[in-house]
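Order of appearance sets the numbers: ligands from 1, and atoms from 1 within every ligand.
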Amino acid sequence: MACELDNDIEFKRSGGIMVAESDAQMRFLERKAALERSLGIDTQIVGRGDIERKLPAISDAVIGGAWCSEEGKINPLLATPALVRAAKQAGARFFTGDGVHKVEHTNGKWLVTTSSGCCYRANKVVNAAGAWAGRSANWPGCTYPFMRPLCR
Ligand SMILES: Cc1cc2nc3c(=O)[nH]c(=O)nc-3n(C[C@H](O)[C@H](O)[C@H](O)COP(=O)(O)OP(=O)(O)OC[C@H]3O[C@@H](n4cnc5c(N)ncnc54)[C@H](O)[C@@H]3O)c2cc1C
C-alpha cells in the first residue's frame with residue numbers, strides 16, 4: 001500500500017511483541033494469535049524467556065506474549081495526509097468535525113445521522129471507528145464480531 005501513495009511514509013517492518021501480565025491476558029493473546037494465523041499472519045506465542053532474550057529490560061510483571069514478525073511502523077504525520085489525498089483522488093468526500101450519532105436500516109437503505117443533525121443515505125456503511133467500533137455496533141441493525149478486550 002505504501003508504494004501506492006504519493007510520498008514516502010517511512011514504513012519500517014521490524015516485528016513486534018504484545019505482552020501479557022496475567023493468565024487472562026495470555027488466553028486473549030492465544031485467541032488473537034490463532035485468529036491471525038488463520039488469516040495467514042505470522043503470529044507466535046512466546047514465553048517470558050524468549051521475550052527477555054529480545055528485550056532484557058522487560059518488566060518483571062510480563063509473563064509472556066505474542067510475537068508478530070510482520071508488524072511494523074509508519075510515520076502517521078506523513079501517512080495520514082497521504083492517505084487522505086489518495087482517497088480524495090479516488091472520489092472520497094470528507095465531513096470532518098462531526099460524529100456519527102445513529103445508524104439505522106430503513107427502506108432498504110442505511111440512514112446515518114450525525115451529532116450536528118446531518119443525515120446521509122447509503123447502500124453500504126463501513127464501521128471504521130477503531131477502538132470505538134464495538135460501541136458503534138450497538139446501533140440498531142448493526143452486528144460486529146468483536147474480540148473481548150484485555151481483562152485482568
Ligand atoms: C500508542 C499507540 C501506538 C501504536 N503503534 C502502532 C505501530 O507502531 N504500528 C501499528 O501497526 N499500529 C500501531 N498502533 C495501532 C494503530 O494505531 C491502530 O491499529 C490503527 O490506528 C487503527 O486504525 P483504524 O482506522 O481502524 O482506527 P483509528 O485510527 O482509531 O480511527 C478510528 C476513527 O474513528 C473515529 N470515530 C470513532 N467513533 C466515531 C463516531 N461515532 N463518529 C465519527 N467518527 C468516529 C475516531 O475519532 C477515529 O478518528 C498504535 C496504537 C496506539 C494507541
Side-chain angles (χ1 to χ4, degrees), residues 1-22 24-26 28-46 50-51 54-55 57-59 61-62 64-106 109-152:
M1 188 198 77
C3 59
E4 293 172 33
L5 299 174
D6 62 9
N7 69 302
D8 178 27
I9 59 171
E10 296 177 3
F11 174 64
K12 188 176 165 208
R13 182 171 280 170
S14 51
I17 295 177
M18 192 172 193
V19 296
E21 297 181 346
S22 68
Q25 291 181 356
M26 278 308 292
F28 169 84
L29 289 183
E30 283 161 12
R31 290 200 306 278
K32 178 176 170 293
L35 175 66
E36 289 174 356
R37 280 196 303 274
S38 76
L39 297 169
I41 299 167
D42 175 32
T43 306
Q44 308 296 334
I45 293 298
V46 290
D50 300 316
I51 298 176
K54 281 187 200 299
L55 304 166
I58 194 74
S59 157
V62 170
W67 160 254
C68 178
S69 64
E70 298 172 38
E71 205 173 297
K73 286 198 200 90
I74 53 166
N75 179 344
L77 297 176
L78 295 172
T80 305
L83 268 175
V84 169
R85 283 193 299 275
K88 281 183 175 170
Q89 263 178 11
R93 287 181 298 152
F94 286 76
F95 304 93
T96 55
D98 204 0
V100 173
H101 174 62
K102 196 163 66 173
V103 177
E104 298 160 284
H105 198 240
T106 50
K109 288 252 183 192
W110 291 99
L111 182 65
V112 178
T113 310
T114 67
S115 308
S116 68
C118 288
C119 281
Y120 303 93
R121 286 189 179 278
N123 292 324
K124 289 184 181 167
V125 174
V126 176
N127 182 348
W132 301 271
R135 188 178 61 192
S136 320
N138 292 329
W139 289 320
C142 300
T143 54
Y144 185 69
F146 195 65
M147 288 188 82
R148 279 182 36 232
L150 285 177
C151 52
R152 282 181 184 269

Exercise. Please indicate whether any nitrogen or oxygen in V100 is less than 3.5 Å from any nitrogen or oxygen in ligand 1.
Key: yes
The option among G97, S115, S14, A129 carrying the non-hydrogen atom nearest to atom 38 (N) of ligand 1 is A129
Here the atoms of ligand 1 under 4.0 Å from any heavy atom belonging to K73 are 8 (O)
Numbered in order shown, the ligand 1 atoms found under 4.0 Å of a heavy atom of A128 are 32 (C), 33 (C), 34 (O)
Query - Any side-chain heavy-atom pair of V84 and K88 under 4.5 Å - result: yes
Numbered in order shown, the ligand 1 atoms found under 4.0 Å of a heavy atom of G99 are 42 (N), 43 (C)
If we number the atoms of ligand 1 from 1 as shown, the ones under 4.0 Å from a heavy atom of G72 are 7 (C), 8 (O), 9 (N), 10 (C), 11 (O)
Return yes if some donor-acceptor pair links the side-chain N/O of E70 with the main-chain N/O of D42 below 3.5 Å, else return no.
yes
Heavy-atom check, side chain of K109 versus side chain of N123, under 4.5 Å: yes
Quiz item: So is G16 in contact with ligand 1, going by heavy-atom distances below 4.0 Å?
Solution: no
- Okay, side chain of S116, backbone of D98: is any donor-acceptor separation there less than 3.5 Å? no
Is there a side-chain contact between N75 and K12, using heavy atoms and a 4.5 Å cut-off? no
M18 side chain near T43 side chain, heavy-atom distance below 4.5 Å
no
